Amino acid sequence: MSADRPEPTDEAVVETASDAAEGLVLDRYRQSQLRDFDVTVTFEDGVLDVDVYVNPPADSDVDAERVADEAARAARDAVDDLFAAADDGE
């Protein structure tokens, strides 16, 4: 990373991760169909923690646990991309 290019802020990391996770959940389920879902993201001391909870409709064929796992991975991937972009000077 170049000396004059700052790393993403903690706020930018949390927002990026949250947006990616939420986007994946809403890609798998229509928001109006979900009973509840929650995405919790923290980034402290360089450690990203992503927790995704999905409560789908009773008649859903989509596995909520798999979607939650995929959403957490999407969040981590988005943050990796954010840091890579900063390293590339974008």
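Basis for what follows: all heavy atoms, side chains included, without hydrogens, waters or symmetry-related copies. Keep in mind that this is a model prediction, so the values were computed, not measured.
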Transitive ILVMFWY side-chain link V39 to Y53, under 4.5 Å: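 In one cluster: no.
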Shortest non-hydrogen contact from [X] to [Y]?
X: V25; Y: A71; value: CG2-CB, 3.9 Å
X: A17; Y: A75; value: O-CB, 3.3 Å
X: P6; Y: A86; value: O-CB, 4.2 Å
X: L34; Y: P56; value: CD2-CA, 4.0 Å

Test item: V62 and V54 side chains (from C-beta on) under 4.5 Å apart, heavy atoms: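 The answer is no, as the side chains (C-beta and beyond) never meet within the 4.5 Å cut-off.
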Approximate separation, where rounding is to 0.5 Å, of [X] [atom1] and [Y] [atom2]:
X: D38; Y: N55; atom1: CG; atom2: CG; value: 11.5 Å
X: E22; Y: F37; atom1: CD; atom2: CZ; value: 4.0 Å
X: D88; Y: D81; atom1: CG; atom2: CG; value: 10.0 Å

Inter- and intrachain pairs under side chain to side chain donor-acceptor pair (under 3.5 Å), touching residues 56-78, at least two apart: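 Non-adjacent pairs meeting side chain to side chain donor-acceptor pair (under 3.5 Å): R28-E70, R66-E70.
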Partner of S18 by side-chain contact (heavy atoms from CB on, under 4.5 Å), out of V41, V50, T40, V52: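 For S18, the side-chain contact (heavy atoms from CB on, under 4.5 Å) test succeeds with only one of V41, V50, T40, V52, which is V41.
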